[in-house]
Amino acid sequence: TEIYTLSLHDALPIFREGELSAALSTLLAAGQSHEAARIIAGLSAERADRLGHVELSALVASLPRDAVGAHPRILVHLARACEPAAQLRLRAESLERARALARADDRMLVREIDVELARDLVRDGEGEAAAVLAQGALAEAGDGELVTRTRALTVLGQVEAAGREPDSL
C-alpha cells in the first residue's frame, strides 16, 4: 500500500482552478490547517459568501482553535454568511469570538466587526448604538475597504429610514 502525502503543493492547482472547497479539503486532509485558515481568511467577502454558512461553519469546526485564532477574519466571513440564512445565534457567537480574537492594531478587522455588530443592532431596534458604530467605522475606513464602507452606509441608511415618518419615505 502506498501512502500519499498531501500538501499545499497539491492544493494550489485545485485552488487556482476555482475548486475552493476541494483545495481546502486537500489542505485539511494534509494536516495543513493553518494554511487552510490563511486562505479562508484571505477570501473576498463575495467568495466567502458563496461558500455559505453551512460550509463555512463546517470549516471553522474542523480547524484547530489556534488556526482560527491566528486568522479571526474567518469568523467575520462566517458571521456574514449567517445573516441571510437567519442563523442569528451562530452569527452572534462568531462576531463575539472574532472581537475577542482581533488584535487592537488590526483596525481594518475591528472596523469589519463593528459594522457587522451595527447591522445586528439595527435589526434589534438599537439604531442609535448602530449609528455610532457605523459612523466610527466609516470615518476610519480607507478606500480599499469597500465592503466595510458599503455595509456601514447601509446601516446609516436603515437608521435614517427608521427615524422617518412612513409618508416621508
Side-chain angles (χ1 to χ4, degrees), residues 15 18-21 23-24 36-63 65-169:
F15 181 70
E19 296 296 331
L20 178 59
S21 296
L24 293 171
R38 187 188 66 74
I39 289 171
I40 297 165
L43 293 174
S44 68
E46 179 184 14
R47 192 142 187 216
D49 283 347
R50 281 188 294 214
L51 287 175
H53 82 278
V54 173
E55 188 165 356
L56 280 168
S57 182
L59 286 167
V60 169
S62 69
L63 292 169
R65 292 185 74 74
D66 64 327
V68 175
H71 303 284
R73 184 166 280 110
I74 294 169
L75 297 166
V76 176
H77 287 322
L78 176 56
R80 284 183 182 142
C82 286
E83 190 177 33
Q87 296 293 315
L88 303 182
R89 183 177 307 143
L90 181 56
R91 178 175 164 81
E93 290 168 358
S94 297
L95 289 174
E96 181 180 318
R97 191 169 163 205
R99 178 166 253 184
L101 293 169
R103 294 185 334 266
D105 65 336
D106 189 349
R107 296 300 305 151
M108 185 182 291
L109 179 59
V110 169
R111 286 189 291 276
E112 287 181 61
I113 295 166
D114 283 351
V115 168
E116 295 307 314
L117 292 169
R119 291 173 69 85
D120 291 351
L121 289 168
V122 166
R123 180 198 65 222
D124 297 340
E126 301 289 333
E128 191 173 311
V132 169
L133 278 177
Q135 287 168 341
L138 193 57
E140 291 182 21
D143 292 339
E145 297 176 69
L146 184 60
V147 172
T148 298
R149 293 173 63 78
T150 300
R151 291 173 81 83
L153 287 169
T154 299
V155 166
L156 295 173
Q158 290 171 324
V159 169
E160 180 68 23
R164 299 228 173 175
E165 292 295 319
D167 292 340
S168 70
L169 301 175

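Along the sequence shown, residues are numbered consecutively beginning with 1.
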Work out which heavy atom in [X] is nearest to a heavy atom in [Y]; give both atom names and the distance.
{"X": "L24", "Y": "I39", "answer": "CD2-CG2, 4.0 Å"}
{"X": "A102", "Y": "V110", "answer": "CB-CG2, 4.3 Å"}
{"X": "V159", "Y": "G127", "answer": "CG2-O, 3.5 Å"}
{"X": "L51", "Y": "S21", "answer": "CD2-OG, 3.7 Å"}
{"X": "A130", "Y": "A118", "answer": "CB-O, 3.4 Å"}
{"X": "L109", "Y": "P72", "answer": "CD2-CG, 3.6 Å"}

Can you tell me how far the [atom1] atom of [X] sits from the [atom2] atom of [Y], to the nearest 0.5 Å?
{"X": "E126", "Y": "D120", "atom1": "CD", "atom2": "CG", "result": "11.5 Å"}
{"X": "L138", "Y": "L133", "atom1": "CG", "atom2": "CG", "result": "12.5 Å"}
{"X": "L101", "Y": "L75", "atom1": "CG", "atom2": "CG", "result": "6.5 Å"}
{"X": "R50", "Y": "E46", "atom1": "CZ", "atom2": "CD", "result": "5.0 Å"}

query = Of all residues at least two apart in sequence or in a different chain, which pass the salt bridge (Lys or Arg N to Asp or Glu O under 4.0 Å) check with R151?
reply =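 By the salt bridge (Lys or Arg N to Asp or Glu O under 4.0 Å) rule, R151 matches E83, E116.
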
Under a 4.5 Å cut-off applied to non-hydrogen side-chain atoms, are [X] and [Y] in contact?
{"X": "D49", "Y": "R80", "result": "yes"}
{"X": "I40", "Y": "L63", "result": "yes"}
{"X": "L59", "Y": "I74", "result": "no"}
{"X": "D114", "Y": "E140", "result": "no"}

task = Take L117 and R99, measure what side chain to side chain contact (heavy atoms under 4.5 Å, CB included) needs, and give me the verdict at the end.
result = CA-CA 10 Å; L117 292 169; R99 178 166 253 184; 3.4 Å; yes

ask   = Would R97 and R65 count as a side chain to side chain contact (heavy atoms under 4.5 Å, CB included) if you check the C-alpha gap in whole Å, the side-chain angles of each, and the deciding distance to 0.1 Å?
value = CA-CA 11 Å; R97 191 169 163 205; R65 292 185 74 74; 3.8 Å; yes

message = Against T150, only a single residue in V147, L146, L153 fulfils side chain to side chain contact (heavy atoms under 4.5 Å, CB included); can you say which?
response =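 Checked V147, L146, L153 against T150; only one passes side chain to side chain contact (heavy atoms under 4.5 Å, CB included): L146.
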
ask   = With respect to Q87, which candidate in C82, S57, S94 satisfies the side chain to side chain contact (heavy atoms under 4.5 Å, CB included) definition?
value =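 Looking at C82, S57, S94, the match for Q87 under the side chain to side chain contact (heavy atoms under 4.5 Å, CB included) is C82.
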
task = Start with the C-alpha gap between H71 and H77, add the side-chain angles, then the distance that decides, and say whether side chain to side chain contact (heavy atoms under 4.5 Å, CB included) holds.
result = CA-CA 11 Å; H71 303 284; H77 287 322; over 6 Å; no

Side chain to side chain contact (heavy atoms under 4.5 Å, CB included) between R111 and V115, intermediate numbers included = CA-CA 6 Å; R111 286 189 291 276; V115 168; 5.5 Å; no

